[in-house]
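Only one structure is covered here, and it is reproduced in the block below.
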2 protein chains.
Amino acid sequence: MERSTKNKLIWTAAKLFQEKGFNGVGLNEILTVSGVPKGSLYHHFPNGKTDLALAAAGFVHGEMTRIIDEAFGEATSYRDGATTLFHKLAKLFELMGKHSACPVSHILFGEPENADFQKRTSEVFDAWIAQIVGHAERLGETPDAARAAARHLFVVLQGGWTLARARQDSYELRRLPELLFDG
Amino acid sequence: MERSTKNKLIWTAAKLFQEKGFNGVGLNEILTVSGVPKGSLYHHFPNGKTDLALAAAGFVHGEMTRIIDEAFGEATSYRDGATTLFHKLAKLFELMGKHSACPVSHILFGEPENADFQKRTSEVFDAWIAQIVGHAERLGETPDAARAAARHLFVVLQGGWTLARARQDSYELRRLPELLFDG
DNA sequence: ACACGACTAGACCGATCGGTCTAGCGATGA
DNA sequence: TCATCGCTAGACCGATCGGTCTAGTCGTGT
């Protein structure tokens with residue numbers, strides 16, 4: 001990602017929002033950390049903080065999409081792909097300092113009355129699940145099995161991430177495949 | 001719960017924090033909704049907002065403990081108990097307006113740098129899992145199976161709640177038993 | 001050389017934040 | 001009757017919030 005002013009803002013905002021939530025981060029903090037003045041923020045994001053949050057959510061959505069494709073692209077079975085995905089996310093979780101929540105939910109759940117945030121969250125979740133369904137079918141699962149498996153994976157990932165965060169331990173993410181496949 | 005001033009504060013704070021998170025709710029909003037003046041808040045909670053949040057988390061912890069015991073108390077098998085639990089929580093979710101997140105995590109994850117919040121979250125989660133392990137063993141599961149089942153239930157509950165919130169649909173909670181038992 | 005548009009820079013604004021402080025109410029016991 | 005004390009009541013505080021506005025910088029096309 002090219003380190004333009006705009007991208008620095010998005011990257012910094014995404015990181016901070018994931019740690020502390022939309023309402024837990026002030027513009028001044030984002031500005032100080034990214035080293036960008038306030039005028040630039042409102043040039044690139046005329047609607048201010050909400051615009052920036054939506055852009056940050058879009059960025060992490062793209063990153064997550066890429067990670068999912070990478071994990072399943074190398075795999076020879078659905079189980080392999082899912083296991084790789086959890087290990088990749090565990091590494092990401094460590095990289096973020098073991099404080100971050102599921103990127104999208106933590107950025108966009110802060111303002112439940114904001115219809116844009118609400119809609120976007122739902123869309124992103126649907127997109128992830130559909131993407132995993134696609135990989136599952138490609139790797140030989142029947143459509144029904146693929147849909148059930150994708151939902152199960154998504155739900156377990158969300159919950160496992162919460163537990164990992166509470167315990168500050170990425171192992172909670174790495175052991176999730178047991179839950180899916182050895183239960 | 002007796003409707004004393006202190007309890008009105010706890011109850012209101014719990015509801016609002018669940019919807020909007022710790023940083024998404026101002027003291028003035030809590031005070032207005034509950035109809036309590038600021039002086040009373042600082043009389044009952046000398047350390048202000050953080051005290052109140054910990055009390056609210058303790059309250060929802062107790063409620064959740066009660067719900068878990070009720071669900072498994074009526075049950076003749078672990079599967080029955082778990083299914084009842086999900087239905088009870090789906091009803092609760094509807095009652096709260098389909099905006100609320102997992103009570104404890106949303107109240108206490110707002111300030112990841114606050115060690116008290118961090119510790120309390122982890123403790124509450126551990127307590128819930130231990131409680132479910134107890135019920136599972138009582139209902140005939142082996143210790144190993146009970147521990148695996150309890151973790152699976154907890155993780156699926158957390159993730160399913162997130163999905164239910166994103167889609168504003170309590171059915172996402174009601175269908176979780178399929179994931180646990182028909183996968 | 002000059003004009004113009006994209007972008008940077010930060011002073012400044014009213015509103016709201018969490019928190020403090022003093023005054024007073026009202027039940028209880030001496 | 002009056003002193004006491006748990007609690008209510010809300011005015012007030014400095015800090016910080018998200019957002020606006022003007023001035024200036026820089027690169028590019030003419």
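Scope of the values below: all heavy atoms of this structure, side chains included, with no hydrogens, waters or symmetry mates.
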Can a side chain N or O of [X] be found less than 4.0 Å away from OP1 or OP2 on [N]?
{"X": "A:H44", "N": "C:dA6", "answer": "no"}
{"X": "A:S40", "N": "C:dA9", "answer": "no"}
{"X": "A:T5", "N": "C:dC7", "answer": "no"}
{"X": "B:N28", "N": "C:dG18", "answer": "no"}

Enumerate, atom names and distances included, each donor-acceptor pair closer than 3.5 Å involving a side-chain atom of residues 88-110 of chain A, sequence neighbours excluded.
| from | atom 1 | to | atom 2 | distance (Å) |
| --- | --- | --- | --- | --- |
| A:E94 | OE2 | A:S170 | OG | 2.4 |
| A:E94 | OE2 | A:R174 | NH2 | 2.6 |
| A:S105 | OG | A:C102 | O | 3.2 |

Measure from [atom1] on [X] to [atom2] on [N] and round the result to the nearest Å.
{"X": "B:Y42", "N": "D:dG10", "atom1": "OH", "atom2": "P", "result": "17 Å"}
{"X": "A:H43", "N": "C:dA9", "atom1": "NE2", "atom2": "C1'", "result": "13 Å"}
{"X": "A:E29", "N": "C:dC17", "atom1": "CD", "atom2": "C1'", "result": "16 Å"}
{"X": "B:R3", "N": "D:dT8", "atom1": "CZ", "atom2": "P", "result": "14 Å"}
{"X": "A:K49", "N": "D:dT16", "atom1": "NZ", "atom2": "P", "result": "15 Å"}
{"X": "A:I30", "N": "D:dT16", "atom1": "CD1", "atom2": "C1'", "result": "14 Å"}
{"X": "A:N7", "N": "C:dT8", "atom1": "CG", "atom2": "P", "result": "11 Å"}
{"X": "B:D51", "N": "C:dG19", "atom1": "CG", "atom2": "C1'", "result": "13 Å"}

Inset, instruction - Could you tell me whether B:G39 contacts a base, only the sugar-phosphate backbone, or nothing, with contacts defined as non-hydrogen atoms closer than 4.0 Å? - result: base
Inset, instruction - Report which part of the nucleic acid B:G26 touches: base, sugar-phosphate, or nothing (heavy-atom distance under 4.0 Å, all strands). - result: sugar-phosphate
Inset, instruction - May I ask you to test the A:R79-A:P177 pair for a side-chain heavy-atom distance under 4.5 Å? - result: no
Inset, instruction - May I ask you to test the A:L173-A:L157 pair for a side-chain heavy-atom distance under 4.5 Å? - result: yes
Inset, instruction - Please check if any side-chain donor atom of B:D69 sits under 3.5 Å from a side-chain acceptor atom of B:H135, or the reverse. - result: yes
Legend entry - Under 3.5 Å donor-acceptor, A:K38 side chain and A:L27 backbone: no
Inset, instruction - Run the numbers on B:V156 and A:H152 for side-chain contact (heavy atoms from CB on, under 4.5 Å), then give the verdict. - result: CA-CA 8 Å; B:V156 159; A:H152 200 173; 4.3 Å; yes
Inset, instruction - Check whether NZ of the Lys or CZ of the Arg A:K6 lies under 6.0 Å from the centre of the six-membered ring of A:F45 and within 45 degrees of that ring's axis. - result: yes
Inset, instruction - Mind running a 4.0 Å heavy-atom check of residues 31-38 of chain A against DNA chain C and sending the residues that fall below it, in number order? - result: A:P37, A:K38
